[in-house]
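Notes for the one structure printed next.
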Amino acid sequence: MKPRVAVFKFASCDGCQLQFLNAGDELLKLAGQADIVYFPEARGRALAGPYDLAFVEGSVTTPADARRIIEVREESRYLVTIGACAAAGGIQALRNWADIEQYRRAVYPSPEFISTLSTSTPISEHVRVDFEIWGCPIDKTQLLAVTRSLLFGAQPVLPGHSVCIECKRSGNACVIVTRGEPCLGPVTRAGCGALCPAMNRGCYGCFGPADAHNMESFAALLADQGVRGDDAMRRLRGINGYVRPWRESADALAAKK
Amino acid sequence: MPSRRKSRTIRVNYLARVEGEAALHISLRDGEVVDLRLEIFEPPRFFEAFLRGRDSREAPDLTARICGICPVAYQMATVHAFEQSYGIAVDPSVRELRRLYLCGEWIESHALHIHMLAAPDFVGCDSILTMAEKDRGAVERGLRLKGAGDAIIAALGGRPVHPVGACIGGFTRAPGRGQLSDLRERLLRVRDDAVECVRWVSRFELPAANRDIEFVALRHPGEYPMNEGRIVSNRGIDAAAADFEDCFEEYQAAYSNALHSKVKGRGPYFLGPLARVNLNFDRLGAGAAAAARETGIAWPTSNPYASIVARAVEVLYAVDEALRIIDAYRPPDAPAAPFAARAGTGRAIAEAPRGMLYHAFETDDRGLIRAARIVPPTAQNQARIEADLRALAPDLVRHPQAAATRICEMAIRNYDPCISCSTHFLKLEIDAN
């Protein structure tokens with residue numbers, strides 16, 4: 001029997017699950033190796049669990065979703081999160097530093113209709129996660145590599161080194177050294193192919209922290225570059241801002257103000 | 001079982017093949033709709049709230065994250081709003097590159113919708129995966145078109161989802177002429193696919209419907225509308241893009257996380273490819289106009305089911321327009337115009353694949369955002385979608401649940417709803433702390 005695969009969505013933009021559809025021919029090949037039994041964005045009929053492999057996109061932001069992720073975990077043998085929302089809470093985790101009541105009242109004329117938690121949290125804060133694919137969005141090639149490994153019963157491996165390694169390998173001129181541009185590359189996980197430096201700009205951290213990340217030294221580098229404290233704080237408090245090393249570093253900068 | 005007072009409730013708890021999460025609830029009594037709710041339970045992400053205090057230079061990277069399917073339109077509405085506020089004039093070549101960028105998004109988003117989300121309904125399949133077994137050629141054509149759209153976005157922004165090149169004033173890097181030549185070859189190869197796609201969808205059995213609809217789109221003096229133009233409708237709206245809030249108003253329904261919109265003093269309105277084609281047929285260019293005429297549809301049309309054909313016509317338009325831009329392209333002197341941030345308010349509209357997307361930002365003198373308002377097309381279409389469902393509802397009782405569900409889903413899919421986008425609303429009059 002072919003493995004049963006499911007794709008679930010929590011609070012997110014749909015961009016990571018879109019990478020399955022963007023995979024084109026590869027998706028059709030995958031469909032030959034597995035039964036994609038639950039994927040609301042792609043198919044009309046949903047089949048019940050259990051699932052051999054569940055991909056989870058998005059963060060937990062509502063009481064209903066906090067219950068649903070537990071059900072998903074119970075139905076799934078192997079649970080893989082896809083993207084920054086699922087791994088770190090996503091950009092919507094910026095609410096974690098704000099007063100949610102103020103957000104809700106400010107946003108909606110009838111705030112009582114809106115059910116939301118005061119935080120946006122990663123899937124791993126709610127259930128055991130077997131593997132995390134980082135990125136905003138995730139990289140299609142990484143997604144396919146992880147999927148293939150799992151379908152063959154092998155433990156997936158993705159690089160944990162920094163964007164700098166990828167950047168050097170691509171032959172880009174360093175934007176920090178040559179242009180004095182603030183760049184999160186030294187503390188950010190590889191995976192995008194050093195896209196931003198190749199586009200003449202600094203990295204803004206789509207793939208979350210690299211395995212080795214010296215945040216203290218990085219904060220000093222930003223200060224040396226003349227980046228104001230509040231600007232440095234905002235750069236860290238971005239797409240993956242709620243992930244611990246960046247959160248702590250940004251909070252330290254905020255406290256210094 | 002029929003009772004004397006015929007009551008029927010139709011619930012669709014999960015709408016398949018739309019982007020994001022929604023459900024539908026219809027209650028009928030004696031053939032009359034007593035309750036109809038398109039419930040959007042996509043959790044709110046509060047973009048307008050957390051944008052406050054952020055730097056305007058970061059904004060195109062942040063608003064892109066509202067939607068993984070149409071990030072380019074978000075980036076375009078955002079940068080145009082700030083450019084209006086800061087008084088920036090962009091290089092004419094940059095202006096053309098931005099049209100090219102949006103052509104890429106229209107192609108990929110429309111190709112995705114036509115082949116992966118909508119077509120399975122018409123060929124009797126539940127997904128593109130089963131459709132691939134039945135009509136492999138059509139699926140491969142869709143993938144080629146989608147791939148070509150993705151390639152345009154990647155050429156300008158590095159990657160198709162959440163591209164990184166757009167900034168206030170232009171792009172962080174502009175391609176050289178040679179860098180666009182591969183893209184040109186690829187677009188030439190898919191042009192026949194785009195022509196065939198129009199023919200394919202026009203052979204689908206589209207339900208007939210003639211509804212009383214107000215269509216709204218941008219209109220530009222010389223071009224098919226993308227990033228610029230006036231707001232127009234078939235009921236006499238003719239207003240500057242910056243006057244969007246004078247034309248439309250929003251209201252909240254208890255059952256939905258999305259605000260609804262209506263034309264002030266009137267009612268629902270219709271955005272998207274069908275509205276654009278209806279209101280801008282004379283700007284389509286020879287190739288796309290000829291293909292549109294060949295379908296046998298009398299444009300403009302009030303049949304919402306013609307949307308899928310309009311979408312295919314726009315794919316062909318966007319391929320032709322992209323080729324025109326590449327052929328005439330001269331790299332700009334600088335990829336981005338320099339600027340100084342200042343206090344003020346900027347408002348702009350981009351024609352996202354699903355219709356007009358409105359952004360308004362107020363900034364302080366350092367360029368930090370004081371207030372943001374974002375009105376995406378699907379939220380604006382929501383009242384119109386409900387009006388279509390209301391028109392269908394009395395007839396639904398004749399159908400068993402599965403067929404009734406399918407009829408409703410098809411009606412909703414005319415709008416290619418992107419529900420992820422639809423839950424990010426704020427009133428501009430909020431106090432920025």
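Lettering of chains follows the sequences in order, A, B, ..., and the numbering in each one begins at 1.
When all heavy atoms are compared, the tightest approach of B:Gly165 to A:Met199 is CA-CE, 3.7 Å.
Taking SG of A:Cys196 as the start and CG of B:Asp61 as the end, the distance is 7.0 Å to the nearest 0.5 Å. Taking CG of B:Leu117 as the start and CG of A:Leu21 as the end, the distance is 7.5 Å to the nearest 0.5 Å. With rounding to the nearest 0.5 Å, the separation of CD in A:Gln92 from CZ in B:Phe50 is 7.0 Å. Atom CG of residue B:Leu368 and atom CG of residue A:Asp230 lie 7.0 Å apart, to the nearest 0.5 angstrom. Atom SG of residue A:Cys13 and atom CZ of residue B:Phe47 lie 7.5 Å apart, to the nearest 0.5 angstrom. In this structure, B:Met116 CE and A:Phe20 CZ are separated by 13.5 Å, a value rounded to the nearest 0.5 Å.
Residue B:Arg136 touches chain A through its side chain alone, counting heavy-atom pairs closer than 4.5 Å. There is no contact between A:Cys16 and chain B, counting heavy-atom distances below 4.5 Å. In this structure, chain B has a heavy atom under 4.5 Å from the side chain of A:Arg201, while its backbone stays farther away. Heavy-atom distances place no part of A:Ala98 under 4.5 Å from chain B, backbone and side chain included. With a threshold of 4.5 angstrom between heavy atoms, A:Ile239 approaches chain B through side-chain atoms but not through N, CA, C or O. For chain A, the nearby parts of B:Asp55 are the backbone and the side chain; heavy atoms of each come within less than 4.5 Å. Residue contact with chain A, scored on non-hydrogen atoms closer than 4.5 Å, is absent for B:Leu51.
Between chain B and the residues A:Gly58, A:Pro137, A:Gly238, the most heavy-atom pairs under 4.5 angstrom are made by A:Pro137. Your options are B:Leu143, B:Val139, B:Thr172, B:Leu62, and the one with the most heavy-atom pairs under 4.5 Å with chain A is B:Thr172. Each of A:Lys140, A:Arg234, A:Gln19 has some count of heavy-atom pairs under 4.5 Å with chain B, and the biggest count is that of A:Arg234. The residue among A:Thr116, A:Thr61, A:Asp139 with the most heavy atom pairs within less than 4.5 Å of chain B is A:Thr116. Of the listed residues (B:His162, B:Arg173, B:Arg406, B:Arg65), the one with the most heavy-atom contacts under 4.5 Å to chain A is B:Arg65.
Looking at B:Phe171 and A:Asn200, their side chains never come closer than 4.5 Å, going by heavy atoms from C-beta outward. Under the 4.5 Å side-chain criterion, counting only non-hydrogen atoms from C-beta, A:Leu94 is not in contact with B:Phe46. Under the 4.5 Å side-chain criterion, counting only non-hydrogen atoms from C-beta, B:Leu112 is in contact with A:Leu18. When side chains are defined from C-beta on, A:Asp65 counts as touching B:Pro43, because their heavy atoms get closer than 4.5 Å.
Put simply, the side chain of B:Arg45 never gets that close to the backbone of A:Ala93: no donor and acceptor are under 3.5 Å apart.
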Pair A:Tyr204, B:Val164 - check side chain to side chain contact (heavy atoms under 4.5 Å, CB included), show working. CA-CA 10 Å; A:Tyr204 61 102; B:Val164 302; 3.7 Å; yes
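Under the 4.0 Å criterion applied to side-chain N and carboxylate O atoms, B:Arg366 and A:Asp231 are not assigned as salt-bridge partners.
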